Amino acid sequence: YARKNASWRKILESGSDQRPEPAVRQNGTSIPFAYRSAVVEKTGSIESVLLSGSMEDGALTKSISLVRGKPYARISVAYRIKTRIQLQVLWSTYSFVPDNKLYREYKPLDFVFTPQLRPEKEYVIADHTFRSPALMLQKGQDFVALVPALENVDGKKRAIRTVADMQVETADKPFISIGLQNFMPEPYALRNTHVYYVVPDSLAPTLKDTTVSLGYLLFLRSDAPEREGFREVVRYHWSASGTEYMQRAIGPQSEPFSGYIQKAWYQFLPQVALDSQYNGHPITLLRQARLAWSNKLHKAADNDSWFNVWFNALRTAYGMFLHGRRSGDAQLMREAENVLNLALLAPQKKGIAPTIFYMDSAGGHWVADQGWGSIDEGKDFAMFHNAWTCYWLLQWMDLVPERKAEILRFTGAFAGFLLSNQQASGVIPSWYDPITLAPVEIFRDENAETAGAALFLAELYARTKEEKYLLRAERAMQYIFTSIVPERKWFDHETFFSCSRKPVGFFDRYTQQHPQNTLSMHQAAEACYGMYNLTGKQQYRERGLEIMDYLCLYQQVWSPRWLSCELFGGFGVQNTDAEWSDSRQGYFAVTLMNYYELTGEKEYFERGVAALRAMFSLFESPTSPRTAENYGHSGLDRPAGVTGLHWGTGSSVVSIHLITNKYGDAYVDATGRWGVGIDGCRIPAVNIVDAAMSVDVLDNLSSPRTIKLKFGRLTRETYEITINKKILGWFSSAQLTKGIEVAI
C-alpha cells in the first residue's frame, strides 16, 4: 500500500497467477513453497519482517525492511541449499494492482520501463543490461519500481546470475519479477536481432551447501507526478551509486586528458587524414574507411569522409580547430578548415544534400546516405544527418566568422527544405527520393528524428532571428511532446536498420513497449535546452528535464566486476541491444553539462564528467590511439571493433575541448558549495565561511601536474582561496571564473 493524502491505496500484491511468490525450479521441477513463519523486528529507524520456510533441500527466508523517511522497501530473498541440486531459477514476483484493480479495468498503463525488451515467451531481461536497472509501472499517480540492489548483482565469479521479467497482459494483473537464472545471448545466426537472452536448462548450475540470494528495492507511490515517477529512481541511482563512484580514485580515465588529446590529433588523425582538391578548393578527408563495405562499392571508396549523426567529420574538425588555435598548431587548423570546405561543397538539391564523400581515380563523388544503418541501400537523402551537419556548420561561424555568409547560405537552403516538408502534425520525414525529393514512406509520418531538425532550426533562429525558424522548431517539438514522449516512441534510423534489425512497427507485447534509441532522446533534450534559452518558456525546461532524466536510465551508474573494463558513466544504445559505453556518450556529456547550467544541480555535472571519461577504458591496446565503438556489443565480455576517429577517440576528445574550455580541469560551484574534478581528479570537500573558501583537490593519476581550477555561481566580489590546506591568497570573482592554476 502507498499513502495518498490521508488514505492508503493498494499498489502491489505478492506473486501472480502466472508465477507464485517465491517460485523455485530445480532438478527440472517446480517446487511448491510457502513461507510458514513471520517475525517482526525493529532497530532504530528500521522496521523489518522476516519470513521463513523450509523444504526438503533447504530453506528460504525473505526480509522486508522499511527505513523511516525512505520511499522504498528493501527486500532480500535467500535460499540456503543443503543437498546437491541443479537450480534452474529462483523468482521473486509482484503484481501491479493500482487501487486494487485488474488490468482490464484501467488499461493501458501510462508509463512502463524495463532495461531491455523481451519480446518472446522464452526471453528474459539479463543483468548484462542493468546499467541503471529498474522495472517500472505507472497508472495515474500510482507508481511502482523494482530496483535491483547493485551490490547483490555484482561479483566477479557467480554460480548464478540475475535476471528480470515484466509481463503486462499475460495475466489479469501486470507483474514484475527479479530472479536468479543463468542466461546466454540468443544465437545471432538464428534470428537477425541483437541482443536478447535465453535461459536453457543446460546452463543451470549444480549447487550444494551454499546460499544464493536476491536483493532489491520496491518504490511505491500513490502521489507520483503523472508519467514521471521514474525520475525519483533516476535520482536514487545517482545518489546511491554514481556519487560514490565519482569519488573513487580508479575509473575509466587512466591518464590526463592531455594524453588523449595527443592520441586523437597526433597519433590517430595522421592515420586517417587525406589532403586533396575538389572543385578547385583544398579539402581534407577524415577517412572512415567504411564506405566500400557499407554501400557495396569498390575498395577505393574507403577514401571517404562522412557527415552523418554517427560519424561527423565536421564536429571532429571543430575540435581539431579549437585545439589548433589554443596550441598554435596552424596545420591542425588548416586541415580542420579544409573539412569545413568539403562540407560546404556538398551538392544541395533544393536544400538537402548527400552526406558521404569519397575520392577515387576518377575524382570526387557524393553518396546520399550509408547503405548500412539506413534504407534502400543508402540511395535516399537523409534529413537527420543533414540536420546534425548543419547544426555544426552554425557552430563553425564562431570559429571563422569571415565565412558566416556562405555557412548561412548553405544552412538556410536546408532550413527551407525542412519548412517545405514539415507536415501539419509537426513531423518532418526522414528520407527523400533522390530524384523527386518526395518523402519516402518509411519514417514519413512518425519518427523521433524530427527532434534533430528542431535542434537545427532553433540554432538557426538564434543566429538569424528569423521567426519562421523558431515557429517551425516549436511545431516540431510539439510533435515530439505529443506523439513521441507519451509512449516513448524514440525511433531513429539506428533503432531498426543497424545492428538491432527489426521491422518498423516492432512492439514488445510482453512489456508493452516500443524499441527506443538514445540518439533521438539526446537530440530532443538538446533542442529543449536551446529553445528554453531562446524563448524562456517553462514547457521546454520541464520537458527537457523529463527527457534528460529518461535518457539517464541508459547511463551506467556502476561498473560490474563481471565485465572486464571500467565502465562507469558510459551510455547504452537502445533497449534491444547490449552495448555498454557507446561512443555517443561524448555527445551526451556536453548535453548533461548544459543541464547543469540550466538547473545548477550537481548531479547533472557529475553525470556529464562521468560520461566524458567513459570512452577512455576502451583503447584496443595500451599503445593504440584507437578506442572501440563500445563494450559488450554482442552481450559478451569483450570490446566491439574500432569504428573510426569520429565514433570514439575523436568524438570524445572534441567534448573534452568543449567542456574543459568552459569549466577547466576541475570546477567549484560556490553557491552549491561543491566541486567536481573533471580531468582525472576529484574534489571531496568545499568549505566556505564568509569570504574564505577551502577546496580539497585530489589527483586520481600518479604524476604530479598542474590543473586549471575554475569557479562558478560566485556570490562575492573576492575570496580568499585555500587549496589542500595551502592558502593561495585573495582572488577576484573575475579571476576565479577565468580559472587559477593549481598544483596537485
Side-chain angles (χ1 to χ4, degrees), residues 1-12 69-73 94 96-101 103 106-115 132-147 166 168 174 176 217-240 242 448 451 477-478 480-490 511-514 516 521 524-525 527-529 531-532 536-555 557 592 595-596 598-604 607:
Y1 293 80
R3 185 190 293 274
K4 185 173 186 180
N5 300 323
S7 62
W8 291 87
R9 289 169 64 85
K10 187 174 179 181
I11 302 294
L12 278 186
K70 298 294 184 182
Y72 52 77
Y94 300 88
F96 185 51
V97 287
D99 202 23
N100 202 28
K101 292 179 180 177
Y103 187 55
Y106 68 85
K107 65 186 300 185
L109 292 162
D110 295 332
F111 178 89
V112 58
F113 178 84
T114 57
S132 289
L135 308 175
M136 294 185 278
L137 301 164
Q138 184 167 357
K139 182 65 180 181
Q141 292 185 293
D142 294 329
F143 170 79
V144 64
L146 188 158
V147 178
M166 175 189 288
V168 174
I176 50 179
L217 309 179
L218 285 177
F219 286 74
L220 294 167
R221 287 188 66 177
S222 281
D223 59 353
E226 293 191 6
R227 301 180 185 272
E228 295 185 25
F230 74 92
R231 298 175 70 179
E232 183 174 39
V233 175
V234 174
R235 302 284 83 78
Y236 165 79
H237 270 309
W238 198 255
S239 64
M477 288 311 295
Q478 291 307 311
I480 295 295
F481 296 157
T482 59
S483 298
I484 301 301
V485 172
E487 293 185 45
R488 314 291 167 175
K489 292 184 176 182
W490 294 109
T511 69
Q512 293 290 295
Q513 290 180 98
H514 300 276
Q516 303 168 4
M521 298 178 205
C528 286
Y529 169 77
M531 293 173 72
Y532 173 71
K537 293 181 180 179
Q538 285 298 314
Q539 181 186 39
Y540 295 120
R541 186 183 192 277
E542 293 165 4
R543 301 313 288 271
L545 285 165
E546 176 192 350
I547 294 167
M548 189 77 253
D549 284 349
Y550 193 81
L551 175 58
C552 286
L553 289 171
Y554 288 85
Q555 187 173 23
V557 298
L592 282 160
Y595 274 82
Y596 157 70
L598 190 67
T599 64
E601 291 293 335
K602 181 183 181 184
E603 177 182 330
Y604 293 121
R607 283 182 179 273

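For reference, positions follow the sequence shown, starting with 1. All of these numbers come straight from a predicted model, not from anything done at the bench.
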Partners meeting salt bridge (Lys or Arg N to Asp or Glu O under 4.0 Å) with [X] (sequence neighbours left out):
{"X": "Glu228", "value": "Arg231"}
{"X": "Glu546", "value": "Arg488, Arg543"}
{"X": "Arg235", "value": "Asp549, Glu603"}
{"X": "Lys70", "value": "none"}

Heavy-atom pair of closest approach, residues Gln138 and Pro225: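 What the structure gives for the nearest pair is NE2-O, 2.9 Å.
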Could you list the residues that satisfy side chain to side chain donor-acceptor pair (under 3.5 Å) with Tyr103, not counting sequence neighbours? none
Distance (rounded to the nearest 0.5 Å) between Glu601 CD and Leu592 CG: 13.0 Å
Under the rule for ring-ring contact (aromatic ring centres under 6.0 Å, His included), what residues qualify as partners of Phe96, not counting sequence neighbours? none
For the side chain of Lys139 and the backbone of Pro108, is there at least one donor-acceptor N/O pair under 3.5 Å apart?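 Present.
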Just by modelled atom types, is the Gly140 backbone N or O under 3.5 Å from a matching donor or acceptor in the Asp110 side chain?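 Checked: pair present.
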Ring centre gap for Phe143 and Phe111 strictly below 6.0 Å: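 No, too far apart.
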Is any side-chain heavy atom of Leu545 closer than 4.5 Å to a side-chain heavy atom of Tyr604?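 The answer is yes, as the side chains (C-beta and beyond) meet within the 4.5 Å cut-off.
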Taking atom NZ of Lys101 as the centre, report whether more than 12 heavy atoms of other residues, nucleotides or ligands fall under 6.0 Å from it.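 It does not: Lys101 NZ has 12 such atoms or fewer within range.
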Candidate list Lys4, Gln141, Arg3, test side chain to side chain contact (heavy atoms under 4.5 Å, CB included), partner Ser222, passing option: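 Per the side chain to side chain contact (heavy atoms under 4.5 Å, CB included) rule, the option paired with Ser222 is Lys4, out of Lys4, Gln141, Arg3.
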